[in-house]
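Since the structure comes first, as structure tokens, the remarks are kept for the end.
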2 protein chains.
Amino acid sequence: MRKRRGAGRPTIADVADKAGVSTITVSRALRDPAKVSAPLRERIDAAVRKLDYVPHSHASALASSRSNIVGVIVPSLTNNVFADTLRAIYDELEQGPLQVQLGNSRYVAAEEERLIRIFLGQRPAALIVAGGDQTPAARALLESADCPVVQVMEVDPDPIDMMVGFSHFEGGRAAGHHLLQRGYRRIGFIGARMDPRSRRRMEGFAEALRSAGRYDSELFMTTTRSSSTSLGAELIGALRAKRPDIEAVFCNNDDMALGVLFGCQHAGLRVPEDLGIIGFNDLEMMAAACPSLTSIRTNRYGIGKTAVDMIRARLDGDEPENRVVDLGFQLQERQSTVRRV
Amino acid sequence: MRKRRGAGRPTIADVADKAGVSTITVSRALRDPAKVSAPLRERIDAAVRKLDYVPHSHASALASSRSNIVGVIVPSLTNNVFADTLRAIYDELEQGPLQVQLGNSRYVAAEEERLIRIFLGQRPAALIVAGGDQTPAARALLESADCPVVQVMEVDPDPIDMMVGFSHFEGGRAAGHHLLQRGYRRIGFIGARMDPRSRRRMEGFAEALRSAGRYDSELFMTTTRSSSTSLGAELIGALRAKRPDIEAVFCNNDDMALGVLFGCQHAGLRVPEDLGIIGFNDLEMMAAACPSLTSIRTNRYGIGKTAVDMIRARLDGDEPENRVVDLGFQLQERQSTVRRV
DNA sequence: TTGTACGCGTTATCAC
DNA sequence: GTGATAACGCGTACAA
């Protein structure tokens with residue numbers, strides 16, 4: 001009897017013994033049943049069930065030098081924005097043999113680089129990362145990775161490999177144009193976290209105001225604290241204390257916008273009569289709020305789905321038509337930006 | 001020159017060649033630097049950097065019959081409740097050498113079983129699953145798994161291995177007691193999704209009302225649709241259409257509670273004067289809302305942290321004092337349940 | 001359609 | 001402290 005180091009779980013050889021076939025036949029029966037004759041297939045299936053055999057994915061990955069893992073690295077787990085994209089990735093991916101491995105970079109580029117290094121060690125089937133602000137080393141690693149790489153949530157003319165998202169700059173600009181069109185004059189901005197994407201939204205927004213001669217830096221208030229509803233309420237209070245004449249505000253995300261609404265209500269201000277509010281992302285609650293809240297709708301689920309489609313295509317040997325897909329955004333006008341007369 | 005099937009990335013043998021040592025020395029230098037003399041260690045580190053060598057985790061897992069993967073299976077990615085626990089797990093786990101592999105069961109027990117099977121195929125270092133409602137087959141798989149298993153979000157006298165959470169039944173009961181104490185009489189319930197945990201909350205709530213002779217099944221409204229803010233608004237509308245005399249409502253989660261608040265505001269009802277509202281989980285927005293919303297606070301981050309602590313202890317050979325840890329909950333009384341005079 | 005021989009990259013074991 | 005050798009469990013290549 002051979003000495004064994006392993007954990008004692010049944011192996012493909014045990015199944016083969018029990019079914020009276022060779023290991024390779026079991027291997028084939030499991031991965032591509034059509035390649036094995038019906039009677040053998042049944043004997044093998046029975047043996048698998050009886051032994052409760054589970055294939056050892058690491059051994060498989062090692063032998064085939066290819067794993068079924070798709071690494072996904074997002075900056076935040078609690079941010080609903082990524083949750084929707086993640087949900088799409090899981091929905092699409094778990095149909096097939098592919099498995100998701102999720103990393104949380106906590107909005108820290110060095111942490112993202114560390115995770116990329118670790119994930120690459122798994123020889124992943126593909127990699128999905130957020131945005132285009134990797135460290136130079138991380139970018140180099142990804143460029144030399146021998147698997148599809150998709151950057152999500154943004155668009156950029158110079159992707160590492162493939163990219164799907166939308167322009168945050170343009171989204172911010174659209175928010176600015178909307179408030180201007182509604183007739184607002186003293187227009188402010190409230191931003192938390194201020195990661196690169198939030199920053200680009202702010203820049204697009206400022207650009208819109210500037211081109212209309214309405215940019216007033218005093219009405220812009222940002223913090224690196226992470227966004228939350230209560231922070232939105234807090235910041236609008238601070239902003240109004242400084243500049244009570246503010247007429248409308250763009251929030252860098254919907255949680256902040258909701259907080260601004262609550263802050264106004266607690267202060268006895270009417271929305272939109274006393275203050276116009278526009279958010280970003282259009283989470284589900286925005287339409288339900290009272291008053292309903294204007295926002296920039298982004299196609300977060302579509303981004304995840306498209307990312308997986310691109311990966312699938314590449315894995316199937318096809319080349320996607322466009323390496324960069326812009327899914328755009330839509331302004332959702334609601335009660336919170338109806339200009340007072 | 002030997003023929004190679006692999007993807008061509010540098011291997012530990014390449015590093016060994018470059019450093020003029022054997023592979024096992026490189027292996028040791030990487031895993032436990034103290035076991036290798038300083039000069040060799042430096043030569044090896046230099047070679048690693050020069051080749052940009054990344055260890056092949058699958059080969060390592062195969063050889064050691066132990067991976068550094070902790071499988072985590074949750075029913076939902078978009079539900080903030082799990083997001084907080086996940087964040088804790090990531091925060092705790094990614095410090096060390098352990099990696100998270102996340103599965104999404106979509107509230108489907110069969111899907112959970114499938115994921116458990118797949119994860120077990122990775123010979124994980126540990127497994128974390130939600131709740132105690134696994135299929136019998138899944139439970140059997142977990143019981144025979146040769147790794148620590150932690151069930152989170154609930155407590156149960158009969159855990160598979162270890163467990164950390166709180167009693168949903170008691171949480172529901174506390175909500176009922178609170179409304180009764182506040183003097184509410186016609187008390188209702190609104191529940192979406194109605195997964196096992198929501199169901200237990202409802203049962204505890206009903207139990208509290210029943211023991212006070214205040215249970216009225218007509219005031220209970222549930223749906224299997226997934227919870228959302230707009231659904232909360234919709235359901236309170238339907239419930240009030242049927243029973244305009246309703247005085248207070250317990251929502252099975254905070255999203256629904258916020259939706260009920262919005263629904264009331266849209267309908268011109270005052271909260272808490274015309275309707276008392278209490279939610280469950282106490283998400284961050286509950287305190288910021290106007291009026292602020294009463295809820296049952298649960299320690300979701302603590303649950304994730306404790307789960308990892310238990311795993312760490314077991315992996316280090318220690319046995320945790322208690323196999324079941326009840327982290328409890330706290331009633332957060334706010335404006336939304338201040339009884340009208 | 002089925003089987004044999006061997007390699008995948010790493011680590012455990014045992015010797016030096 | 002360091003090294004030679006043999007597993008780890010499975011898939012590829014080629015033969016039958």
Side-chain angles (χ1 to χ4, degrees), chain A residues 1-44 48 51 53-68 97 120-123 125 146, chain B residues 1-44 47-48 51 53-69 97 120-123 125 146:
Chain A
M1 192 181 207
R2 192 173 70 183
K3 190 174 59 176
R4 291 177 62 161
R5 280 198 328 212
R9 282 196 151 267
T11 73
I12 203 169
D14 298 325
V15 177
D17 283 353
K18 193 161 205 86
V21 298
S22 72
T23 60
I24 187 63
T25 306
V26 176
S27 174
R28 283 198 271 253
L30 262 33
R31 283 176 305 152
D32 193 354
K35 283 190 170 178
V36 170
S37 65
L40 280 193
R41 208 185 319 155
E42 280 176 29
R43 291 225 307 272
I44 291 169
V48 165
L51 294 172
Y53 167 70
V54 180
H56 192 302
S57 65
H58 298 292
S60 165
L62 180 58
S64 63
S65 72
R66 151 190 38 184
S67 82
N68 60 351
L120 250 21
Q122 323 244 20
R123 307 299 188 269
D146 53 356
Chain B
M1 191 183 211
R2 193 171 72 184
K3 188 173 62 178
R4 293 177 62 161
R5 284 199 324 218
R9 279 192 154 272
T11 74
I12 202 170
D14 297 326
V15 177
D17 282 355
K18 194 161 204 85
V21 298
S22 72
T23 60
I24 187 65
T25 304
V26 176
S27 175
R28 282 198 272 253
L30 261 33
R31 283 176 304 154
D32 193 354
K35 284 189 171 179
V36 170
S37 64
L40 279 194
R41 205 183 322 150
E42 279 175 30
R43 291 224 308 270
I44 291 169
V48 165
L51 295 173
Y53 166 72
V54 179
H56 192 302
S57 65
H58 298 293
S60 166
L62 178 59
S64 64
S65 73
R66 144 177 42 117
S67 81
N68 60 351
I69 292 178
L120 250 22
Q122 321 244 19
R123 307 299 186 273
D146 53 355

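Residue numbers begin at 1 in each chain, while the letters A, B, ... track the order of the sequences. Just so it is clear, the model here is predicted, and its values are computed rather than measured.
- Note: CZ (Arg31(B)) to P (dG9(C)) measures 17 Å, nearest angstrom.
- Note on Ser60(B): a side-chain N or O is less than 4.0 Å away from OP1 or OP2 of dT11(C).
- Remark: C1' of dT10(C) and CG of Asn68(B) are 13 Å apart, rounded to the nearest angstrom.
- Between dT10(C), dT12(D), dA4(D), one nucleotide has an atom nearer to the side chain of Ser64(A) than all others, and that is dT12(D).
- The listed nucleotides are dG3(D), dG9(C), dC10(D); the one nearest the side chain of Leu62(B) is dG9(C).
- The distance between atom NZ of Lys35(B) and atom P of dG1(D), rounded to the nearest whole Å, is 10 Å.
- For Thr25(B), no side-chain nitrogen or oxygen approaches OP1 or OP2 of dT2(D) to under 4.0 Å.
- No donor-acceptor distance shorter than 3.5 angstrom exists from the side chain of Arg123(B) to the backbone of Ser65(B), with no hydrogens or angles considered.
- Residue Ser65(A) places no side-chain N or O under 4.0 Å from the OP1 or OP2 atom of dC8(C).
- Of the candidate nucleotides dT11(C), dG9(C), dT1(C), dT1(C) has the atom nearest to the side chain of Ser37(A).
- Contact check for Leu30(A) versus Val48(A): side-chain heavy atoms found under the 4.5 Å cut-off.
- The shortest distance between side-chain heavy atoms of His58(A) and Ile69(B) falls below 4.5 Å.
- Nearest nucleotide to the side chain of Ile24(B), out of dG3(C), dG3(D), dG9(C): dG3(D).
- A donor-acceptor distance shorter than 3.5 angstrom exists from the side chain of Ser64(A) to the backbone of Ser60(A), with no hydrogens or angles considered.
- Ranked by how close their nearest DNA chain D nucleotide is to the 5' end, Arg28(B) and Ala59(B) are led by Arg28(B).
- For Asp32(A) and dT12(D), the CG to P distance is 11 Å, given to the nearest whole Å.
- Arg66(A) comes within 4.0 angstrom of sugar-phosphate atoms only, judged by non-hydrogen atoms across all strands, and of no base.
- Atom pair Arg41(A):CZ and dT1(C):P shows a separation of 10 Å (rounding to whole Å applied).
- The nearest whole Å value for the distance from the CZ atom in Arg123(B) to the P atom in dC8(D) is 13 Å.
- The Ile12(B) side chain lies nearest to dT10(C) when the options are dT10(C), dG3(D), dC10(D).
- Within 6.0 Å of atom CZ in Arg66(B), 12 or fewer heavy atoms from other residues, nucleotides or ligands are found, so the atom counts as exposed in its surroundings.
- Protein atom CD1 of Ile44(B) is 14 Å distant from nucleotide atom P of dG1(D), rounded to whole Å.
- Protein atom CG of Asp17(B) is 15 Å distant from nucleotide atom C1' of dA4(D), rounded to whole Å.
- For Thr11(A), counting side-chain heavy atoms from C-beta on, the closest listed nucleotide (dT11(C), dC8(C), dC10(D)) is dC10(D).
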